Amino acid sequence: MLLSPGYRRLLLLCVLLGVPIALACFFYVGLQHQLQHWVWTSLPEAAGYDTPPWWWPLPALVLAGLVLAPIVTRMPGAGGHLPVNGLGGPPVGPKALPGAVLAALATLPLGVVLGPEAPLMAVGSGLALLAVRRAGAGGDQRAGAILATAGSTAAISTILGGPVAAAVLLIEGAGLAGAQMVVLLLPCLLASATGSLVFTGFGQWTGLKIGALGLPDLPPAANPDAGDFLWGVPTAALIAVLITLARELGHRTVSWTRRHTAVRTVACATAVGVCVAAYALITGRSPAEAALSGQAALAQLAADPHAWPVGALIALVACKGLAWGIALGSLRGGPIFPSVLLGTATAMACSGLPGFGVTPALALGVAAAAAAVTGLPLSSAVLAVLLTGGDAYDQMPLIVTASVVSFIVSQLVRRTEPETAPRPATGAAA
């Protein structure tokens, strides 16, 4: 199959598709970032506030609910996949793509505590399937599935540190597919590499920020020792319990919103706003730290962890965790980014324990949270390694241990099976 002319044409098509998909994703995420900056920085400053006041999330999230309700109830595709189901499910087709794009673009900047990864994957798969149909190849379901998978992988690779992380997600999410895995992996690697190159070039040329998950500044490097493992293993287990309980709340929210969907969607968005406002009231800090997807707050926490009192970290985990659980079952977006912030905040709150370092806590927090929310321990470890950069070599034993412990504990704690297996859409499309 690898040597057949049809497969070689498919690889070339994946490279060609990677460029327009990456461009669409770049400007989509850039616009979302600009809207987010306007809502949470420019508008409060224009109103005379240095930072958003504690009540700011309330009208913002109510508006998000009012915008999302008709999208969920009336547009094809209901605004995209429910985030409580992870990144799994069939690829979003061209008919459902407008609803998914509009839902994310109109609500995520308003403070919905979800990430951009699921909408980006919808953009990638939807554009790829549209290109296939326009080319008159819509009858080849196998080629369409591979191209949709490659498109969604190219899209998500741009915000997860590059094509390597996306490829590992694909391999682990699709399971033991044998030789067929190579057939799917090669197009996804090519499309991801092309997409990453386009994002890098356009980012430098335009100067637009896309809000990709990254930690430009990290605490000083420190080798993990016995104390880090002594406290790190139970901390990883605690993170798994918290993430899994929040997902359980998301499943209960799904059941609740099945009836009177429009009204209850607005109610859930309002409840998210109340949780975010409660964080600002309790801590006296900006509500933006608990709102949104968490990329900015995660970078701030990693750059200066000592600027966050333990009480503020606990309040962040409690308030954002509750808001995230509600949003998982009612709103639209990705589940990974907020969970990484929750796991990191939990680990940082425990880093003051005797013998537990800040840098090891940061590394294990990322890995444990990602493993708990995705159910993919290897992919989670790779993501933590990419985020911690030069410190990753020393932290790798702790990262892997935390990822495995979190995965096992989350499986033990989970009481209900997800509606869709917690696999990335890349694996589901295969």
Side-chain angles (χ1 to χ4, degrees), residues 25-72 79-80 83 99-120 123 159 203 206-214 265-281 283-301 316 319-320 322-324 326-328 330-338 341:
C25 291
F26 177 84
F27 287 109
Y28 172 76
V29 179
L31 177 58
Q32 179 183 306
H33 184 81
Q34 293 297 108
L35 290 173
Q36 175 181 310
H37 184 270
W38 181 76
V39 172
W40 293 92
T41 303
S42 300
L43 198 56
E45 290 177 352
Y49 298 101
D50 294 331
T51 59
W54 68 267
W55 51 265
W56 196 263
L58 298 176
L61 268 301
V62 170
L63 178 60
L66 292 173
V67 171
L68 183 62
I71 297 175
V72 170
V101 171
L102 183 59
L105 196 59
T107 62
L108 291 183
L110 292 173
V112 174
V113 288
L114 295 168
E117 60 274 16
L120 272 182
V123 171
I159 58 170
T206 63
L208 291 175
K209 296 182 179 179
I210 59 171
L213 191 61
T265 296
V266 177
C268 288
T270 304
V272 171
V274 170
C275 294
V276 175
Y279 167 78
L281 274 175
T283 63
R285 300 171 68 94
S286 171
E289 294 174 350
L292 306 169
S293 63
Q295 298 111 297
L298 179 63
Q300 295 169 8
L301 180 58
L316 178 65
C319 296
K320 189 178 182 72
L322 181 59
W324 181 62
I326 296 171
L328 283 176
S330 56
L331 307 181
R332 297 298 184 271
I336 297 178
F337 283 26
L341 175 59

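Sequential numbering from 1 along the given sequence is applied to the chain's residues. Computed from a predicted model, the values in this text were never measured in an experiment.
Across all their heavy atoms, A106 and P109 have their closest contact at C-CD, 4.3 Å. Contact record, G79 with A103: O-CB, 3.9 Å, taken as the closest heavy-atom pair. Taking both residues in full, the closest heavy atoms of A269 and L331 are given as CB-CD2, 4.2 Å, listed atom of the first, atom of the second, then distance. Between L341 and G294 the shortest heavy-atom distance is CD2-CA, 3.7 Å. Between F337 and P116 the shortest heavy-atom distance is CD2-CD, 3.6 Å. Residues A60 and L110 approach most closely at CB-O, 3.4 Å, considering heavy atoms.
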Report the C-alpha distance between W324 and L328 in whole Å, list the side-chain angles of each, state the deciding distance to 0.1 Å, and finish with yes or no for side-chain contact (heavy atoms from CB on, under 4.5 Å).
CA-CA 6 Å; W324 181 62; L328 283 176; 3.6 Å; yes
Evaluate T51 against W40 for side-chain contact (heavy atoms from CB on, under 4.5 Å), listing each step before the verdict.
CA-CA 8 Å; T51 59; W40 293 92; over 6 Å; no
Going through the distances and angles, do V272 and V112 end up as a side-chain contact (heavy atoms from CB on, under 4.5 Å)?
CA-CA 7 Å; V272 171; V112 174; over 6 Å; no
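Around atom CH2 of W55, more than 12 heavy atoms belonging to other residues, nucleotides or ligands sit under 6.0 Å away.
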Pair up each side-chain donor or acceptor in residues 283-290 with any protein partner under 3.5 Å, not counting sequence neighbours, and list the distances.
residue : atom : partner : partner atom : Å
T283    : OG1  : Y279    : O            : 2.7
T283    : OG1  : R285    : N            : 3.2
R285    : NE   : E289    : OE1          : 2.9
R285    : NE   : E289    : OE2          : 3.4
R285    : NH1  : A307    : O            : 3.3
R285    : NH2  : E289    : OE2          : 3.2
S286    : OG   : A288    : N            : 3.2
E289    : OE1  : Y279    : OH           : 2.5

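Residue S42 holds its OG atom at 10.5 Å from CG of L35, rounded to the nearest 0.5 Å. Distance check: L102 CG to R332 CZ gives 12.5 Å after rounding to the nearest 0.5 Å. Between the CD atom in Q32 and the OG1 atom in T107 there is a gap of 8.5 Å [rounded to 0.5 Å]. The structure places CG of L63 at 11.0 Å from CG of L68, a figure rounded to the nearest 0.5 Å. Here L43 contributes atom CG and W56 contributes atom CH2; the two are 4.0 Å apart, rounded to the nearest 0.5 Å. Note that CD1 of I71 is 11.5 Å distant from CG of L66, once rounded to the nearest 0.5 Å.
A donor-acceptor distance shorter than 3.5 angstrom exists from the side chain of K320 to the backbone of A291, with no hydrogens or angles considered. For the pair Q36 (side chain) and L292 (backbone), a donor-acceptor distance under 3.5 Å is absent.
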